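Here the structure is a predicted model, which is why all the values come from computation and not from measurement.
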Amino acid sequence: MPRILIIDDEKAIRNTLKEILEYESYKVDQAEDGPTGLDMLIKDKYDVVLCDIKMPKMDGIEVLERAQIVAPDAAFIMISAHGNIDTAVDATKKGAYDFLQKPPDLNRLLITVRNALDRTKLVAETKTLKKKVAKNSQMVGTSPALEVVRKAIEKVAPTDARVLITGPNGAGKEMVARQLHELSSRNNGPMIEVNCAAIPSELIESELFGHEKGSFTSAVKQRIGKFEQADGGTLFLDEIGDMSLSAQAKVLRALQENKITRVGGEKEISVNVRVLAATNKNLLQEIADRNFREDLYHRLSVILIQVPPLNDRREDIPALITKFLADIAGDYGNKPKKVDPAAMKYLQSLDWRGNIRELRNVVERLVIMSDDTISESDAKAFAGK
């Protein structure tokens with residue numbers, strides 16, 4: 001049940017608001033002044049706070065400012081009988097969700113509270129998703145090969161340097177890109193991913209730069225491209241070795257000038273984007289074969305990070321398997337299964353051409369097909385080798 005706190009020095013107002021909101025099935029608490037309200041915010045979690053501005057001891061704006069520290073997730077709705085546009089603007093600048101005048105209109109009050117609750121829910125969901133993404137992007141293992149990658153990420157992430165990530169399919173190039181974004185100063189901005197190999201060559205320019213309405217037959221409305229979507233954040237160009245030469249030329253221009261032009265458009269649009277790229281191809285060979293632009297390669301490869309194949313870091317396999325068992329158990333709602341030491345040794349000895357992605361699939365298969373403990377015979381039967 002959503003929890004609402006009313007902070008107001010007028011008892012009659014508090015009781016009226018409480019009666020209205022409790023009728024809508026909200027759990028409502030009251031505080032007669034600012035200090036009492038702040039104490040309640042410290043001790044309990046509230047989704048929405050209705051706070052008067054003119055109060056003795058501490059005014060509502062000061063309560064709002066202090067609450068940003070002790071209860072940053074609570075949505076504040078400021079209320080006042082002496083409100084004007086300047087007061088409302090000042091309150092929203094300092095973090096209030098909305099502003100209502102006394103006596104508040106019943107419908108406006110309920111709609112504002114409902115919208116504030118939706119906002120609080122979205123904030124909570126976003127935080128949960130960010131934690132989940134951060135957890136899934138953590139690189140597992142302590143092998144020397146992986147430590148080299150970790151140290152490179154720690155040095156490069158705080159900068160805006162472009163990074164080219166190379167390595168075989170399934171080795172974890174996307175995880176490296178995510179770590180670079182999460183540890184950068186852009187981590188509050190978006191990270192937009194583009195799989196260049198999955199987009200037909202005739203559509204890649206529209207995907208990256210957007211297009212104007214009517215610029216081609218199926219362009220029925222304007223589209224914002226990935227460069228614009230990533231403004232203020234990070235653009236990750238995965239499998240860039242599969243990008244067409246014409247698209248490469250436009251990407252090069254965007255990197256040189258920090259400007260893009262939508263397909264069918266004439267206006268130049270400034271973009272502030274950090275570009276990370278990844279490929280499983282040998283780009284130097286692709287340059288020799290005239291499939292990739294050398295000038296673009298040098299623009300992208302300010303820093304090179306080589307992700308090792310799983311066969312070069314076999315000592316990390318037990319830790320990876322343990323993580324996958326926990327993740328899969330969480331997805332299925334079960335307890336994590338155990339692995340017999342002989343089975344673990346056998347799995348470490350296999351040739352993992354599909355790298356971490358293949359290992360994850362095999363672990364899930366073993367979880368489904370085995371009993372509580374995965375035995376060596378299970379591993380031999382279901383590893384698919």
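- Here Asp98 does not pair with Arg119 in a salt bridge; the nearest charged N to carboxylate O distance is not below 4.0 Å.
- With hydrogens and angles ignored, the 3.5 Å screen pairs a side-chain donor or acceptor of Arg162 with a backbone N or O of Leu255.
- Between Glu154 and Arg150 there is no salt bridge, since no side-chain nitrogen of the basic residue lies less than 4.0 Å from a carboxylate oxygen of the acidic one.
- Using a cut-off of 4.0 Å between Lys/Arg side-chain N and Asp/Glu carboxylate O, Arg178 and Glu174 are scored as salt-bridged.
- Asn355 and Asn169 share no side-chain donor-acceptor pair at under 3.5 Å.
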Fill in: Working for salt bridge (Lys or Arg N to Asp or Glu O under 4.0 Å), residues Arg223 and Glu207
CA-CA 9 Å; Arg223 177 173 181 168; Glu207 188 75 18; 2.9 Å; yes
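- Going from atom OG of Ser270 over to atom CD of Glu257 covers 10.0 Å, rounded to the nearest 0.5 Å.
- Judged by distance alone, with hydrogens and angles left aside, the side-chain atoms of Arg274 form a donor-acceptor pair with the main-chain N or O of Thr159 at under 3.5 Å.
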Item to complete: Test side-chain contact (heavy atoms from CB on, under 4.5 Å) on Thr279 and Glu286 and set out the steps.
Response: CA-CA 11 Å; Thr279 183; Glu286 293 295 307; over 6 Å; no
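- At a threshold of 4.5 Å between non-hydrogen side-chain atoms, the residues Tyr26 and Arg114 count as touching.
- Considering Asp47, Asp29, Asp73 in turn, Asp29 is the only one that fulfils the salt bridge (charged side-chain N to carboxylate O under 4.0 Å, His left out) rule with Arg3.
- Residue Arg360 forms a side-chain contact (heavy atoms from CB on, under 4.5 Å) with just one option from Glu364, Glu358, Arg357, and that option is Glu364.
- Scanning all heavy atoms of the two residues, the minimum distance from Asp312 to Pro308 falls at CB-CB, 4.4 Å.
- Annotation for Lys102: atom NZ counts as buried by contact number, over 12 foreign heavy atoms lying within 6.0 Å.
- For the pair Arg293 and Ala249, the tightest heavy-atom approach, listed with the atom from each and the gap, is NH1-CB, 3.7 Å.
- Between the side chain of Gln248 and the backbone N or O of Asn291 there is at least one donor-acceptor pair closer than 3.5 Å.
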Discussion item. Could you walk me through whether Leu310 and Leu320 satisfy the side-chain contact (heavy atoms from CB on, under 4.5 Å) test, starting with their C-alpha distance in whole Å, then the side-chain angles of each, then the deciding distance to 0.1 Å, before giving a yes or no?
Written reply: CA-CA 10 Å; Leu310 187 56; Leu320 285 164; 3.7 Å; yes
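- Between Asn195 and Leu237, every side-chain heavy-atom pair lies at or beyond the 4.5 Å cut-off.
- Across all non-hydrogen atoms, the minimal contact from Gln229 to Ile224 is NE2-O, 3.0 Å.
- Partners of Asp105 by salt bridge (Lys or Arg N to Asp or Glu O under 4.0 Å), not counting sequence neighbours: none found.
- Residues Val63 and Phe76 are in side-chain contact: their nearest non-hydrogen atoms beyond the backbone lie under 4.5 Å apart.
- Heavy-atom minimum distance, Ala342 versus Glu376: CB-OE1, 3.5 Å.
- Going from atom SG of Cys51 over to atom CZ of Phe99 covers 11.5 Å, rounded to the nearest 0.5 Å.
- Residue Ile42 is not grouped with residue Val48 when hydrophobic side chains (ILVMFWY) are merged at heavy-atom distances under 4.5 angstrom, including chains of intermediate members.
- Of the residues listed (Ile192, Val263, Val194), the one engaging Leu208 in a side-chain contact (heavy atoms from CB on, under 4.5 Å) is Val194, and it is the only one.
- Residues forming a side chain to side chain donor-acceptor pair (under 3.5 Å) with Lys337 (at least two apart in sequence, or on another chain): none.
- The side-chain heavy atoms of Lys121 and Pro2, taken from C-beta on, include no pair separated by under 4.5 Å.
- A continuous path of ILVMFWY side-chain contacts below 4.5 Å connects Tyr46 to Met78, so both sit in one hydrophobic cluster.
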Practice prompt. Before giving the answer on side-chain contact (heavy atoms from CB on, under 4.5 Å), spell out for Gln348 and Ile321 the whole-Å C-alpha distance, their side-chain angles and the decisive distance to 0.1 Å.
Written response: CA-CA 10 Å; Gln348 275 187 280; Ile321 290 174; over 6 Å; no
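- Atom NZ of Lys259 and atom CZ of Arg253 lie 8.0 Å apart (nearest 0.5 Å).
- The neighbour count for Asp371 CG, taken as heavy atoms of other residues, nucleotides or ligands under 6.0 Å away, does not exceed 12.
- Under the 4.5 Å side-chain heavy-atom criterion for ILVMFWY residues, a single connected hydrophobic cluster contains both Val367 and Trp352.
- Between Asn280 and Glu239 the shortest side-chain heavy-atom distance falls below 4.5 Å.
- Transitive grouping of hydrophobic side chains (ILVMFWY, heavy atoms separated by less than 4.5 Å) brings Leu146 and Val163 into a common cluster.
- In this structure, Leu284 CG and Tyr297 OH are separated by 4.0 Å, a value rounded to the nearest 0.5 Å.
- When the options Thr92, Asn115, Val49 are evaluated for a side-chain contact (heavy atoms from CB on, under 4.5 Å) with Tyr97, the one that passes is Asn115.
- With values rounded to the nearest 0.5 angstrom, Lys323 atom NZ is found 13.0 Å from Asp316 atom CG.
- For Arg313 against Ala171, the heavy-atom pair with the smallest separation is NH1-O, 4.3 Å.
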Check residues 196-206 and write down every donor-acceptor pair under 3.5 Å in which the side-chain atom is one partner and the other belongs to a residue at least two apart or another chain.
residue : atom : partner : partner atom : Å
Glu205  : OE1  : Lys250  : NZ           : 3.2
Glu205  : OE2  : Ser246  : OG           : 3.1
Ser206  : OG   : His211  : ND1          : 2.7

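- Neither side chain, Asn187 nor Ser184, offers a donor N or O lying under 3.5 Å from an acceptor on the other.
- Between Asp160 and Arg186, at least one side-chain nitrogen of the basic residue sits less than 4.0 Å from a carboxylate oxygen of the acidic one, meeting the salt-bridge criterion.
- Cluster annotation: Met1 and Val113 are assigned to distinct hydrophobic clusters (Ile/Leu/Val/Met/Phe/Trp/Tyr, side-chain heavy-atom contacts under 4.5 Å, transitive).
- Of all heavy-atom pairs spanning His181 and Gly189, the tightest one is NE2-O, 3.3 Å.
- A donor-acceptor contact closer than 3.5 angstrom links the side chains of Arg14 and Gln30.
- Taking the side chain as every heavy atom from C-beta outward, Val362 and Arg365 approach each other to under 4.5 Å.
- Ion pairing of Lys335 with Asp372 is absent here, as no side-chain N (NZ or NE/NH1/NH2) approaches a carboxylate O to less than 4.0 Å.
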Discussion item. Walk me through whether Val149 and Gln306 qualify under side-chain contact (heavy atoms from CB on, under 4.5 Å).
Written reply: CA-CA 7 Å; Val149 174; Gln306 172 75 39; over 6 Å; no
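- Leu164 has its side chain within reach of Leu283: a pair of non-hydrogen atoms, C-beta onward, lies under 4.5 Å apart.
- The number of heavy atoms from other shown groups lying within 6.0 Å of NZ (Lys338) does not exceed 12.
- Interatomic distance, CD1 of Ile79 versus CG of Leu109, reported as 8.5 Å (0.5 Å rounding).
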Practice prompt. Evaluate the side-chain hydrogen bond (donor to acceptor under 3.5 Å, both in side chains) criterion for residues Ser375 and Asp378: first the C-alpha distance (whole Å), next the side-chain angles of each, then the deciding distance (0.1 Å), finally the verdict.
Written response: CA-CA 5 Å; Ser375 66; Asp378 291 330; 3.0 Å; yes
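- Proximity of Leu300 to Phe292: side-chain heavy atoms (C-beta onward) are separated by under 4.5 Å at one or more points.
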